[in-house]
J.: 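Below: one structure in structure tokens.
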Amino acid sequence: MALAREAIHRRRSIGKKIAAGFSVLIAIFSIYVLVRTLSAVNLGDLRQAIAATGNDQIAMAMALTGVSFLTLTGYDALALRQIRARIAYATTALASFTSYAISFVLGFPLITAGTVRYWIYSQVGLSASKVASLTLIAGVTFWFGMIFVLAVGLMLRAETVSAINHLTPALNILIGAGLFGGLLFYLVWVSLRRRKVRIQGFRLQLPGFSLSVGQIVLGVIDQCAAAGVLYVLLPQESHIDFIAFAATYVFAAILGVASNAPGGIGVFEATMLKAVPGVAQEQMLASLLLFRAIYYLGPFILALAMLGAHEAFRRWKSLREAMDRSGRQLDDLD
């Protein structure tokens, strides 16, 4: 028995080392591609491309950012239903928005997002184990959306995607059908009976059919809105199919996650610069810089301000309660 446990531990250790090495290789290769690409960028053309972005494009990008982060609050709402916890939506929205906005920039979502969520949810009585389960379920929702968008893009726009990933249309359709089939199999699997899995040391009961469908729907809306932020920032004269673009966006995001770089920075940009056809490097880079500012930096700053305001209000409320108790004690003495 001890030997079996030792063998399992050894295999897990090797797996983690391989995954870490793979992440490093992705990051190094992406940085190499990004540096080579940036060396050919004309700064004057880049400034001109940024200036050419219309206010209507920026307004639309900000609106889609709002849709994406509003959908992310649904991630937590569904997860709370799964762990049977009743939390006011205002608290759910605050915990979800701030945790995602911060983890998107800092990376390591299980740590950063989990810490922010625990700090907020623990104030309303949620235990550490339930916060961990919530974070994992929300992460599954995120991946469901990515897999679905990628699968649909590969199947419906196989030829367009072929010009990007250099695979045959038939192979793209096969991969997309495999991903889509995997989602359908999962839905059937969780529908037959309650399923429990162990992830990152936590024993987790998976959502049933209805909640899993809800996860997929929310994930797709979120990913399409996030991809839409970058899509509307592209040059207005560009004619790129959104479905193929969204699939490319998701693939770039997956590589960013696999690299473990904070926010996938560098890896995501290198992939989009090389993969999106028909857009000049300076124009694409300008759109990516604006995307980072609108979708990442703006919500990050707002999240920090909201957390500061929340803590200040909480401390002020505690102070008022202490002052009221002191006042009542003085009245009793009189």
Side-chain angles (χ1 to χ4, degrees), residues 34 37-38 41-74 93 96-107 142 145-146 149 153 218-253 256 261-307 309:
L34 184 61
T37 303
L38 292 179
V41 169
N42 185 291
L43 292 180
D45 291 340
L46 176 61
R47 286 193 294 267
Q48 186 177 356
I50 293 175
T53 305
N55 292 330
D56 57 332
Q57 291 175 271
I58 294 175
M60 182 61 72
M62 293 176 69
L64 287 169
T65 297
V67 171
S68 177
F69 277 92
L70 180 62
T71 305
L72 287 172
T73 66
S96 177
F97 172 76
T98 53
S99 62
Y100 279 113
I102 290 174
S103 66
F104 282 173
V105 173
L106 300 183
F142 183 78
M146 298 182 92
V149 171
L218 282 177
V220 170
I221 295 172
D222 170 42
Q223 292 302 317
C224 287
V229 175
L230 181 55
Y231 185 75
V232 300
L233 290 171
L234 295 177
Q236 293 181 341
E237 64 272 12
S238 60
H239 301 285
I240 303 172
D241 181 81
F242 177 72
I243 295 177
F245 179 85
T248 304
Y249 171 92
V250 167
F251 179 70
I265 191 165
V267 179
F268 176 80
E269 282 77 7
T271 305
M272 295 303 293
L273 281 166
K274 286 298 182 184
V276 177
V279 181
Q281 297 289 291
E282 291 81 5
Q283 293 176 327
M284 190 68 217
L285 184 58
S287 299
L288 286 166
L289 290 174
L290 290 171
F291 170 76
R292 284 286 181 182
I294 294 171
Y295 192 79
Y296 284 83
L297 186 58
F300 177 72
I301 294 173
L302 180 59
L304 293 179
M306 291 175 69
L307 288 176

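Sequence positions, counted from 1, serve as the residue numbers for this chain. FYI, side chains are in, hydrogens and waters are out, and symmetry mates aren't considered; it's all heavy atoms of this structure.
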J.: Hey, is the main chain of Gly145 close enough, under 3.5 Å, to the side chain of Gln223 for a donor-acceptor pair?
T.: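 Flag not set: sc Gln223 to bb Gly145 has no pair under 3.5 Å.
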J.: For Met60, I'd like to know if atom CE has over 12 heavy atoms of other residues, nucleotides or ligands within 6.0 Å.
T.: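 Not more than 12 within 6.0 Å, no.
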J.: Taking atom OH of Tyr231 as the centre, does the number of heavy atoms from other residues, nucleotides or ligands within less than 6.0 Å exceed 12?
T.: yes
J.: Measuring from Leu297:CG to Leu289:CG, what's the distance to the nearest 0.5 Å?
T.: 11.5 Å
J.: Which distance, rounded to the nearest 0.5 Å, do you find between the CG of Leu307 and the OG1 of Thr98?
T.: 4.5 Å
J.: Start with the C-alpha gap between Leu234 and Gln57, add the side-chain angles, then the distance that decides, and say whether side-chain contact (heavy atoms from CB on, under 4.5 Å) holds.
T.: CA-CA 9 Å; Leu234 295 177; Gln57 291 175 271; 5.9 Å; no
J.: Work out which heavy atom in Val267 is nearest to a heavy atom in Thr271; give both atom names and the distance.
T.: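 Between these two residues, the closest heavy atoms are O-OG1, 2.9 Å.
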J.: Measure across Thr65 and Pro299 and return the closest heavy-atom pair with its distance rounded to 0.1 Å.
T.: CG2-CG, 4.1 Å
J.: Let me confirm one number: the CZ-CZ distance from Phe300 to Phe104, rounded to the nearest 0.5 Å.
T.: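 Those atoms lie 13.0 Å apart.
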J.: Val67 and Ala225: which non-hydrogen atoms are nearest, and at how many Å?
T.: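 Smallest heavy-atom distance, with atoms named: CG1-CB, 3.9 Å.
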J.: What's the shortest heavy-atom distance between Phe242 and Cys224, and which atoms?
T.: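 Smallest heavy-atom distance, with atoms named: CZ-O, 3.5 Å.
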J.: Hey, mind stepping through Met284 and Glu269 against side-chain contact (heavy atoms from CB on, under 4.5 Å) and telling me if it holds?
T.: CA-CA 9 Å; Met284 190 68 217; Glu269 282 77 7; over 6 Å; no
J.: Please report the closest heavy-atom contact between Leu273 and Leu285, naming both atoms and the distance.
T.: CD2-N, 3.9 Å
J.: Taking Ser96 for the side chain and Ala93 for the main chain, is one N or O donor matched with an acceptor at less than 3.5 Å?
T.: no
J.: Roughly how far, to the nearest 0.5 Å, is the CD atom of Gln283 from the CG atom of Leu288?
T.: 12.0 Å
J.: Within the 4.5 Å heavy-atom criterion, are Leu230 and Met272 side-chain neighbours or not?
T.: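 The answer is yes; the side chains approach within 4.5 Å.
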J.: Verify side-chain contact (heavy atoms from CB on, under 4.5 Å) between Phe97 and Leu72, making sure each step is shown before the conclusion.
T.: CA-CA 7 Å; Phe97 172 76; Leu72 287 172; over 6 Å; no
J.: So how far is it from Ile294 CD1 to Leu64 CG, rounded to the nearest 0.5 Å?
T.: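 The distance works out to 10.0 Å.
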J.: Give, for atom OG1 of Thr53 and atom CG of Leu233, the distance between the pair rounded to the nearest 0.5 Å.
T.: 6.5 Å
J.: How about Asn55: does its CG atom have over 12 heavy atoms from other parts shown lying under 6.0 Å from it?
T.: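 Atom CG in Asn55 is not packed in, count stays at 12 or less.
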J.: Quick one: closest heavy-atom pair of Phe268 and Ala252, and the distance?
T.: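 Closest pair (atom of Phe268, atom of Ala252, distance): CD1-CB, 3.6 Å.
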